[in-house]
Peer 1: 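Quick one: structure below, then a few questions.
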Amino acid sequence: MPSKNKHDQPPLLYADAIDIPVLFRDGPGGRTKGEWRQDDLAAWEGTGFPGKDGWYLPTTTWREILKAAINVGRDLSPWLDRPHYAAREIAARIAPMDTYMDLHDGPRLHDYNAGRRLTANIVLQEGTESSARGAFSYRMGMTMAEWACRSLMGLSQTWHIEDKWPEGITDTAQKAKPVKGQKNPRPDLWGRHQAESRYWLIEAKGGDIRPGRLDRGWEQLVGGCTVVHPHGLDHRLVLCGTGLRRHVSPRNDLFVTLRHEHHPGKPDTGSCSSASGDPSQVGPQSAEASLEDDESGATLLDVARSQMLLFLALRAVELASFTQLRLVPVAQERAERRRASGLLTLMEDDQATRDRRDALRERSGSPSDDKAQDVGLESFLTARIPGTEVTLGMSQRLYAACETLVWADRDIAARTPGLRAEDHIDVDLREGEIDERTLAARREYRERQEDARPYIQRAVRHAFANSQNGPWRERLGGSPGFALSPGTLEATTPETYLSINPTDIVHRQH
């Protein structure tokens, strides 16, 4: 009989739960040679860098992976006046994952494991040509880098370095005309880890990752280090490789490798020699979870900008078919919807929301936004993204902040020649000349955004604080339908919503 003092792990309830082998290492390494298939992968117990390098087997959900695919990368300039493109962009980010990936059974090495792992499907093996596989590898690599850095290790928002650098850093190579045959290697993303109090530079690689590709990825990180280092900023380099071979096999698991180095700030030298720091076990710090205390609006502005793709997609559905919008009730107490790890609180874990929904059901008459507020629920505006089975949404106060930000960005775009969708591009220009013109317009746009930042912060903060309890019908000009029981796998962050139908997640191989 089991010992009375033995505490059992709760049973796995999530239909979309997936195990993903992850390797941490603080130096270069060759191919993994199948180590991710062994039975000694350690338990994942933290939300930051583990105490020592090696193989680990965390369990996540398909919802977390979809959230990563949607969030990574956010240059919204082309969509300011074309919101329907934002909805299509979300669908384009999700589609490759749905199209080329499958599930197969795997060993449950730890009590919390799902016993399911991601793998390639027959379409990837037999039905794609090399350029299509390359595009999928890019999308998969970016998605899993976002997942690993944010859901697994608590990084805040990520940003494309092509858009901007941290702390107002200017990369002089971006403003210089490129020399033929020469490239300035730079990483893909950056973000700030609040608990570590340092910046991360991130390079993502995906596909059948080989040492040569990873070495080139590290060169890109070092190239970014040379830009950041003279400013004396403490930063970490993270190379995220997502391995997935195209062959269908019960032992072909998707796995992730993370090579990392800590670079202390050294303002007195321009070199990029590194010093390895011991990775600390730190908890995640959600920017959304700190908005109540953000009196200046600085954090809110970053959060609103990071969710503009979602906001514009909701606007696209509103403009195309208002009847497709739905209000979904979520508990008002945001502190009860925070997870110890990952970006999302799964609705299966959100007892407060479930209890309040039951209370709303017991009320006479049809559910409504007003009745939801009476029982401690807040209505999130949601819509299914066209071409997918994914439903996304956000709170009214974040919606109001994003709406204000759109107007501010549109004003800036109107004063930035060559950036707006309406601006005519000379068809006689060569490809390189179009790129130079586009990059110059974007640089000017970013500079004007930074100049206007104090004003925009105040504006979005005012909109955020004054739209908490107002009815949606006043903001939208009508009352969307109310979905009390969506019947899907739901999840929330403090200010956003995501759900999928359990029959529409990647399918198990037969």
Side-chain angles (χ1 to χ4, degrees), residues 66-99 135 138-139 142-143 160 162-163 303-328 380-396 398-414 416 418-425 427 434 438 441-442 445 449 460 463 472-473 475-481 483 486 488 495-501 504:
L66 290 178
K67 183 69 171 174
I70 294 164
N71 275 15
V72 63
R74 288 169 290 269
D75 179 10
L76 276 302
S77 304
W79 297 313
L80 285 172
D81 296 314
R82 301 291 188 272
H84 56 278
Y85 287 133
R88 293 177 184 177
E89 172 69 13
I90 291 176
R93 294 179 180 201
I94 294 171
M97 313 293 286
D98 282 333
T99 302
Y138 167 80
R139 178 54 58 197
M142 293 292 284
T143 295
H160 268 289
E162 287 184 357
D163 291 345
V303 170
R305 199 171 294 287
S306 75
Q307 297 301 326
M308 286 294 288
L309 187 61
L310 168 56
F311 169 80
L312 291 173
L314 290 173
R315 286 285 292 155
V317 175
E318 177 189 351
L319 294 171
S321 179
F322 186 88
T323 59
Q324 297 301 312
L325 296 175
R326 292 290 184 272
L327 297 181
V328 173
F380 279 35
L381 183 68
T382 72
R384 197 184 79 176
I385 301 303
T388 77
E389 294 301 325
V390 176
T391 296
L392 300 176
M394 65 170 52
S395 69
Q396 183 169 187
L398 181 57
Y399 187 96
C402 289
E403 190 174 44
T404 300
L405 180 55
V406 163
W407 287 109
D409 279 353
R410 278 178 175 166
D411 180 63
I412 295 171
T416 307
L419 185 65
R420 295 177 299 168
E422 301 93 317
D423 291 337
H424 176 69
I425 298 295
V427 295
I434 294 176
T438 301
R442 288 184 180 179
Y445 178 69
Q449 278 184 323
V460 297
W472 275 101
R473 61 180 175 270
R475 181 169 301 281
L476 301 175
S479 296
T488 54
E495 305 295 336
T496 68
Y497 174 91
L498 180 149
S499 70
I500 55 176
N501 191 309
D504 295 316

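Side chains are part of it too, since the values below use all heavy atoms of this structure and drop only hydrogens, waters and symmetry mates. Keep in mind the model is a prediction, meaning the values are calculated, not measured.
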Peer 1: With a 4.5 Å heavy-atom cut-off, do Ile500 and Thr488 have their side chains touching?
Peer 2: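 No. Closest side-chain heavy atoms not under 4.5 Å.
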
Peer 1: So, Thr404 side chain and Ala400 main chain: donor-acceptor pair closer than 3.5 Å or not?
Peer 2: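 The answer is yes, because a donor-acceptor pair under 3.5 Å joins these two groups.
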
Peer 1: Is a side-chain N or O of Arg93 found less than 3.5 angstrom from the main chain of Val72, in a donor-acceptor match?
Peer 2: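 Pair found, side chain donor or acceptor close to backbone of Val72.
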
Peer 1: Please report the closest heavy-atom contact between Ala87 and Pro386, naming both atoms and the distance.
Peer 2: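 Heavy atoms of Ala87 and Pro386 come nearest at CB-CD, 4.3 Å.
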
Peer 1: Can you tell me how far apart CG (Leu325) and CG (Leu314) are? Round to the nearest 0.5 Å.
Peer 2: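 Separation between the atoms: 7.0 Å.
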
Peer 1: Can you give me the closest heavy-atom contact between Ile70 and Leu309, atom names plus distance?
Peer 2: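 Ile70 and Leu309 have their closest heavy atoms at O-CD2, 3.7 Å.
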
Peer 1: Please list, chain by chain and in numerical order, all residues satisfying side chain to side chain donor-acceptor pair (under 3.5 Å) with Asp409, sequence neighbours excluded.
Peer 2: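 Partners of Asp409 by the side chain to side chain donor-acceptor pair (under 3.5 Å) criterion, ordered by chain and then number, come out as Arg305, Gln449.
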
Peer 1: What distance do Ile94 atom CD1 and Arg139 atom CZ have between them, rounded to the nearest 0.5 Å?
Peer 2: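 Rounded to the nearest 0.5 Å, the CD1-CZ separation comes out at 10.5 Å.
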
Peer 1: Between Ala304 and Leu398, which heavy-atom pair has the shortest distance, and what is it?
Peer 2: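 So the minimum-distance heavy-atom pair works out to CA-CD1, 4.2 Å.
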
Peer 1: Looking only at heavy atoms, which two atoms of Tyr138 and His160 are closest? And how far apart?
Peer 2: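 Tyr138 and His160 have their closest heavy atoms at OH-CE1, 4.1 Å.
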
Peer 1: Rounded to the nearest 0.5 Å, what's the gap from NE2 on His84 to CD on Glu89? Could you check?
Peer 2: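 Separation between the atoms: 13.0 Å.
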
Peer 1: Starting at CD1 of Ile385, measure out to OG1 of Thr391 and round the result to the nearest 0.5 Å.
Peer 2: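 OG1 of Thr391 is found 8.0 Å from CD1 of Ile385.
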
Peer 1: When rounded to the nearest 0.5 angstrom, what distance separates CG in Leu381 from CG in Leu327?
Peer 2: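 If we round to the nearest 0.5 Å, Leu381:CG and Leu327:CG are 6.0 Å apart.
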
Peer 1: Return yes if some donor-acceptor pair links the side-chain N/O of Thr143 with the main-chain N/O of Ala68 below 3.5 Å, else return no.
Peer 2: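 Here the side-chain-to-backbone pair does not exist.
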
Peer 1: Does Arg326 reach the side chain of Pro480, with side-chain heavy atoms less than 4.5 Å apart?
Peer 2: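 Sidechains of Pro480 and Arg326: no contact.
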
Peer 1: Which atom pair, heavy atoms only, marks the closest approach of Met394 to Gln307?
Peer 2: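 Heavy-atom minimum between the residues: CE-O, 3.9 Å.
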
Peer 1: Any idea which heavy atoms bring Leu310 and Gly393 closest together, and the distance?
Peer 2: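 Between these two residues, the closest heavy atoms are CD2-O, 3.4 Å.
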
Peer 1: So how far is it from Asp98 CG to Thr388 OG1, rounded to the nearest 0.5 Å?
Peer 2: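 Rounded to the nearest 0.5 Å, the CG-OG1 separation comes out at 8.5 Å.
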
